[in-house]
Amino acid sequence: TRPGAAMARYDLYVDGVFWSTISAAAPQLNLNTTLLDDGWHDIRVLGYDNTLIKPDGRWQRGLTVNNAGLSAGLSVAPASGDLGTLYQFSASGSGGLVKELRLLHNGRVIGSTPSGSGTIPVYGQTIGAGASQVRVEAVYADGRIASSPPVPVTIAFSGGSPTGVVPTAFGYTQRLTPAASAIIELPASYNADPATAQYTPLQLPAQASIIGGPNNAYVMITPNPGAAGVDTMTFRVTTPGGNSNVATIRLVYSGPLFPCAADLTGDGVIDFSDYLEFLNLYDAADPRVDFTGDGVVDFSDYLEFLNFYEAGC
């Protein structure tokens, strides 16, 4: 405290979200970690004095939670460069059937891959210049999430090119609260000036309306009354380097994130095409078919797939 002041209260924040507060007379904060997702969390305590200005001091640490044996990992190469550098983020998730890996920078989705491990390529322009921290979230078939510790990336305010690189668009899954508006990122990677990028929604969600115009790296949507189940929207990004692929964002209004574990083709129906896709992924030892979550693709995963296959959607 400054001279003549005394401490008034302490506030606890978990991943930037207010958790609880106590008075300075009983300075002990309790955190029930069984309420948190597995993986890394940002823990901060802010202390305020009793003056009218109420300046704060803060304590910050990372906390790793292990409730269900789920974990996510992330590394990057190179760790420094400029706006035109292509950073390769190697991401993975373990402990269960991973349906998606989402790369996050300051809470916004900047890339993804639909598997339990893989490399997500992102140009420096997508992250922005300066010292940043990037982490990955592993999203499991049952909707659980595990977060990796953040990895540092240093990007110089130089480089980048307005032409020559075709952009890449990324799709991902986002859970929404019915009747509540939400911002949906449209993640893409390119080395052009962001001011030259044009974002074009193609297929609009059937159960929500989009607020605002196109050509933004995000959209704000409002679910329709009674919106439920799974919805989709697609988009494409255009830069001087060309047109990106068409990326699909799954919007889940209620129910499980991935209701059909054996729906490997993603069409909402379990049929013989999913069985053929399983055989291809099984032969490649792809972690997407590690249904038992033991880190090995073997005959036990085949038996587990058959159980999901017979259960259907």
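For the single chain, residues carry numbers from 1 onward in sequence order. Only heavy atoms go into these numbers, but all of them, side chains included; no hydrogens, no water, no symmetry mates.
S148 contributes no side-chain N or O that, together with a main-chain N or O of G73, makes up a donor-acceptor pair within less than 3.5 Å. Without hydrogens or angle criteria, D82 side chain to T85 main chain gives a donor-acceptor distance under 3.5 Å. Checked by atom type and distance alone, the side chain of D15 pairs as donor or acceptor with a backbone atom of D42 at under 3.5 Å. Side-chain atoms of D274 come within 3.5 Å of backbone atoms of L264 as a donor-acceptor pair (strictly under, hydrogens ignored). Side-chain atoms of T177 never come within 3.5 Å of backbone atoms of A180 as a donor-acceptor pair (strictly under, hydrogens ignored). The closest donor-acceptor contact from the side chain of Y140 to the backbone of S94 lies under 3.5 Å. The backbone N or O of A169 sits less than 3.5 Å from a side-chain atom of N245, completing a donor-acceptor pair. Between the Y172 side chain and the E185 main chain, a donor and an acceptor come within less than 3.5 Å of each other.
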Evaluation steps, side-chain contact (heavy atoms from CB on, under 4.5 Å), between V98 and V139: CA-CA 6 Å; V98 178; V139 185; 6.0 Å; no

Give the intermediate values and the outcome of side-chain contact (heavy atoms from CB on, under 4.5 Å) for residues D11 and D56. CA-CA 10 Å; D11 293 347; D56 65 86; over 6 Å; no

Under the side-chain contact (heavy atoms from CB on, under 4.5 Å) rule, what do L103 and V134 come out as? Steps first, then yes or no, please. CA-CA 7 Å; L103 197 64; V134 179; 3.5 Å; yes

Criterion side-chain contact (heavy atoms from CB on, under 4.5 Å) on M220 and I184, from CA distance to verdict: CA-CA 6 Å; M220 177 171 284; I184 305 298; over 6 Å; no

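A91 approaches L74 most closely through the heavy-atom pair CB-CD1, 3.9 Å. Pairing each heavy atom of G241 with each of P167, the nearest pair is C-CD, 4.5 Å. Heavy atoms only, all atoms of each residue included: L251 and P205 are closest at CD1-CB, 3.9 Å. Of all the heavy atoms in A182 and L176, the pair that sits closest is CB-CD2, 3.6 Å. Between V65 and H41, the shortest heavy-atom contact is CG2-CD2, 3.7 Å. Nearest heavy-atom pair, I221 versus A208, reported as atom, atom and distance to 0.1 Å: CD1-CB, 4.3 Å.
Legend: salt bridge (Lys or Arg N to Asp or Glu O under 4.0 Å) pairs involving residues 122-141, not counting sequence neighbours, sorted by first then second residue: R102-E137, R135-E137. The list of ring-ring contact (aromatic ring centres under 6.0 Å, His included) pairs with a residue in residues 57-103, not counting sequence neighbours, is empty. For residues 144-153, the salt bridge (Lys or Arg N to Asp or Glu O under 4.0 Å) pairs, not counting sequence neighbours, are D142-R144.
Two different hydrophobic clusters hold L29 and F18 under the rule that ILVMFWY side chains link at heavy-atom gaps under 4.5 Å. Cluster annotation: F299 and L306 are assigned to the same hydrophobic cluster (Ile/Leu/Val/Met/Phe/Trp/Tyr, side-chain heavy-atom contacts under 4.5 Å, transitive). Under the 4.5 Å side-chain contact rule for hydrophobic residues, V237 and I110 do not share a cluster. Cluster membership for L83 and L86, using ILVMFWY side-chain heavy atoms within less than 4.5 angstrom, is not shared. Side-chain heavy atoms closer than 4.5 Å link hydrophobic residues (I, L, V, M, F, W, Y) into clusters, and following such links, even through other members, never connects V166 to F170.
Y275 and F272 have their aromatic ring centers within a separation under 6.0 angstrom.
The ring pair (Phe, Tyr, Trp, His ring centres under 6.0 Å) search around Y282 returns F278, not counting sequence neighbours. Scanning for side-chain contact (heavy atoms from CB on, under 4.5 Å) contacts around L204 gives P201, I210, with sequence neighbours left out. With sequence neighbours excluded, the residues that form a side-chain contact (heavy atoms from CB on, under 4.5 Å) with T173 are E100, R250, V252, L257, F258. Taking the side-chain contact (heavy atoms from CB on, under 4.5 Å) definition, one finds that T222 meets it with S181, S209, I211, sequence neighbours left out. With sequence neighbours excluded, the residues forming a side-chain contact (heavy atoms from CB on, under 4.5 Å) with A24 are M7, Y10, listed by chain and number.
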Distance-only check: which donor-acceptor pairs under 3.5 Å involve side-chain atoms of residues 150-157, not counting sequence neighbours?
none

For residues 118-131, run the donor-acceptor check on the side chains, cut-off 3.5 Å, and write out each pair with its distance to 0.1 Å, sequence neighbours left out.
residue	atom	partner	partner atom	Å
Q125	NE2	A192	O	3.4
T126	OG1	A188	O	3.1

Mind listing the side-chain donor-acceptor pairs of residues 32-40 below 3.5 Å, one per line with the distance, residues two or more places apart or on another chain?
residue	atom	partner	partner atom	Å
N32	OD1	T34	N	3.1
N32	OD1	T34	OG1	2.6
N32	ND2	T34	OG1	3.4
D38	OD1	N67	N	2.7
D38	OD1	A68	N	3.3
D38	OD2	A68	N	2.9
D38	OD2	G69	N	3.1
D38	OD2	L70	N	2.9

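Taking CG from L46 and CG from L12, the interatomic distance works out to 9.5 Å, rounded to the nearest 0.5 Å.
For the pair Y199 and N216, the minimum side-chain heavy-atom distance is 4.5 Å or more. For the pair P187 and F235, the minimum side-chain heavy-atom distance is below 4.5 Å. L104 places a side-chain heavy atom less than 4.5 Å from the side chain of V109. Contact of the E277 side chain with the L281 side chain is registered, since non-hydrogen atoms from C-beta on lie closer than 4.5 Å. Side-chain contact between Q203 and M233: absent, with no pair of heavy atoms (C-beta onward) separated by less than 4.5 Å. Annotation: side chain of L31 is in contact with side chain of L63 (closest heavy-atom distance under 4.5 Å).
A cation-pi arrangement, defined by a distance under 6.0 Å to the six-membered ring centre and an angle within 45 degrees of its axis, is absent between R44 and Y13.
Screening N243, T196, T200 for a side-chain hydrogen bond (donor to acceptor under 3.5 Å, both in side chains) with T238, the sole residue that qualifies is N243.
Grouped by direct or indirect side-chain proximity (heavy atoms under 4.5 Å, Ile/Leu/Val/Met/Phe/Trp/Tyr only), V246 sits with L202.
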